[in-house]
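What follows is one structure encoded as structure tokens, with my remarks underneath.
Along the sequence shown, residues are numbered consecutively beginning with 1.
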Amino acid sequence: MTMNAEILAKVQSLIDLKALFVVNHSGGKDSQAMYLVLRDMVPRDQLVLVHADLGAVEWAGALAHIKETTAGEPLHVCTSRRGLLQMIEERGMFPSPANRSCTSDLKRGPIERTIRGITRERQAVGIENWGLVVNCMGMRAQESSNRKKLPVLKFSHRNSKAGREWYDLLPIHDMLEHEVYETIAAAGQRPHPVYALGMKRFSCVLCIMASEEDLKTAARLATEQPELLNDPHLYRKYVGLEKSTGQVMMMPTKKHGRRTLEEITGVIADEMAA
């Protein structure tokens, strides 16, 4: 595990106290590598998985991939009250890097509610230290300057209520991208198939944080291999939302200014096969 000695000692003390380690698993490569790291360190009966199901906007097979690459630990699937496309339509705007309502509404909120429910169940059956939780996430420092600044282990004052003692842990924060792939390969596994097809990020097919290269790849796959999507008409729907809201999904850049998805990707929705 890529942590300094002080943090590693604290994590070990939490393990010894029978803390519950909750693996946030999207089905992506970082989640997969993080699980493999934790599997070798945390007793199996102290590991649970939680997956925020993003529905139509998520790559197909995410949940199946999680099940295929884990060892049968309890897997909790949670969803938000409304999906991303509905949220955009109701608000008349897309999320942005400065206002990532998609993350808070579709991932963090449902996952935290699920974890609170798990702790209540543990309390009800009399499990020792039922409220001691380590919420494990796969963010890595290499991904962005903001993620580089994140603490590897942090006590969560916001979630440490009603008998809970809650920590947020980034087990692979210092891991480089090639090390992520090496960790997966060393376990005899492969990442989700979309990586081999050119995607660098996972989760939402079309993400506001995606690179131009990933957006072009996702649009191409939506055209050529719609079976990879939960909703084969997803790209058309994003383009339609841009037109109906008068907004664009991606933030303007200094180099290119304001551009629609069709302008960025070169894929015209009306020309896609029905």
Side-chain angles (χ1 to χ4, degrees), residues 24-28 31 50-64 66 76-114 137 144 146 192 194 199-253 256-274:
N24 287 228
H25 206 319
S26 68
S31 297
V50 76
H51 173 66
D53 188 342
L54 304 179
V57 301
E58 183 175 77
W59 290 102
L63 189 59
I66 294 170
H76 301 263
V77 179
C78 55
T79 58
S80 62
R81 180 180 60 83
R82 56 183 177 174
L84 177 60
L85 299 182
Q86 182 185 353
M87 186 172 74
I88 295 168
E89 186 174 10
E90 291 177 358
R91 295 181 178 180
M93 60 189 298
F94 289 82
S96 70
N99 179 24
R100 294 179 63 178
S101 53
C102 47
T103 299
S104 60
D105 291 8
L106 304 181
K107 297 181 182 179
R108 187 172 61 243
I111 287 172
E112 290 182 351
R113 286 194 294 273
T114 298
M137 296 166 284
S144 69
N146 285 337
H192 188 281
V194 297
M199 291 298 297
K200 300 296 184 184
R201 291 175 63 95
F202 190 79
S203 196
C204 289
V205 175
L206 297 161
C207 176
I208 60 169
M209 305 299 293
S211 65
E212 186 170 315
E213 179 184 359
D214 258 9
L215 291 173
K216 289 179 178 179
T217 300
R220 174 177 58 80
L221 294 176
T223 303
E224 299 174 358
Q225 296 179 251
E227 68 276 7
L228 292 169
L229 281 63
N230 283 327
D231 182 350
H233 304 294
L234 184 66
Y235 182 76
R236 277 201 190 94
K237 291 179 180 179
Y238 271 86
V239 170
L241 283 170
E242 285 191 325
K243 293 176 179 178
S244 65
T245 62
Q247 305 292 321
V248 291
M249 185 181 111
M250 302 302 291
M251 295 294 292
T253 65
H256 299 290
R258 183 182 186 276
R259 292 183 297 168
T260 66
L261 271 176
E262 291 180 314
E263 290 170 333
I264 293 171
T265 67
V267 176
I268 307 303
D270 290 342
E271 296 177 0
M272 293 174 64

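- At a threshold of 4.5 Å between non-hydrogen side-chain atoms, the residues Q247 and I88 do not count as touching.
- By the 4.5 Å heavy-atom criterion applied to side chains, Y235 and T223 are not counted as neighbours.
- V248 has its side chain out of reach of E263: every pair of non-hydrogen atoms, C-beta onward, lies at least 4.5 Å apart.
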Pair up each side-chain donor or acceptor in residues 95-103 with any protein partner under 3.5 Å, not counting sequence neighbours, and list the distances.
from, atom 1, to, atom 2, distance (Å)
S96, OG, A98, N, 3.4
S96, OG, N99, N, 3.1
R100, NE, T103, OG1, 3.4
R100, NH2, T103, OG1, 3.3
S101, OG, R91, NH1, 2.9

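- Remark: side-chain polar atoms of N230 are paired, donor with acceptor, to backbone N or O of G55 under 3.5 angstrom.
- Residues that satisfy the salt bridge (charged side-chain N to carboxylate O under 4.0 Å, His left out) test with R220, not counting sequence neighbours, are E224.
- Taken from CZ in R236 to CG in D270, the straight-line distance is 7.5 Å, to the nearest 0.5 Å.
- Pairing each heavy atom of V57 with each of Y238, the nearest pair is CG1-OH, 3.6 Å.
- Remark: E112 pairs with R158 by the salt bridge (charged side-chain N to carboxylate O under 4.0 Å, His left out) rule, at least two apart or across chains.
- Residue pairs satisfying the side chain to side chain donor-acceptor pair (under 3.5 Å) criterion with at least one member in residues 206-215, sequence neighbours excluded, are listed as follows: E212-K216, E212-R259.
- Separating the NZ atom in K243 from the CG atom in L261 is a distance of 11.0 Å, to the nearest 0.5 Å.
- By the side chain to side chain donor-acceptor pair (under 3.5 Å) test, H192 pairs with no residue at all, sequence neighbours left out.
- The salt bridge (charged side-chain N to carboxylate O under 4.0 Å, His left out) check on K107 picks up nothing, with sequence neighbours excluded.
- Contact detail for W59 and C204: the closest heavy-atom pair is NE1-O, 4.1 Å.
- Between S31 and N24, the closest heavy-atom pair is OG-O, 3.5 Å.
- Shortest non-hydrogen contact noted between P110 and T79 is CB-O, 3.9 Å.
- To the nearest 0.5 Å, atoms CE (M199) and OG1 (T217) are separated by 6.5 Å.
- Using a 4.5 Å heavy-atom threshold, the side chains of T260 and V239 count as separate.
- Residue-environment remark: CD (E89) stays at or below the threshold of 12 foreign heavy atoms within 6.0 Å.
- Remark: M93 CE is loosely packed, at most 12 non-hydrogen atoms of other residues, nucleotides or ligands lying under 6.0 Å away.
- Residue H51 is tested with H76, H25, E58 for a side-chain hydrogen bond (donor to acceptor under 3.5 Å, both in side chains); the sole match is E58.
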Is there a side chain to side chain contact (heavy atoms under 4.5 Å, CB included) between C78 and R113? Walk through the geometry before answering. CA-CA 9 Å; C78 55; R113 286 194 294 273; over 6 Å; no

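- Using a 4.5 Å heavy-atom cutoff, the side chains of M249 and I264 are not in contact.
- Side-chain atoms of S26 never come within 3.5 Å of backbone atoms of S203 as a donor-acceptor pair (strictly under, hydrogens ignored).
- Inter-residue side-chain proximity for M250 and F94 is flagged as unmet; no heavy-atom pair is nearer than 4.5 Å.
- Looking only at side-chain heavy atoms (C-beta outward), L85 and L234 come within less than 4.5 Å of each other.
- For the pair L84/L54, no side-chain contact is recorded, criterion being any heavy-atom separation below 4.5 Å from C-beta on.
- L106 and A52 make their closest contact through O-CB, 3.6 Å (heavy atoms, listed as atom of the first residue, atom of the second, distance).
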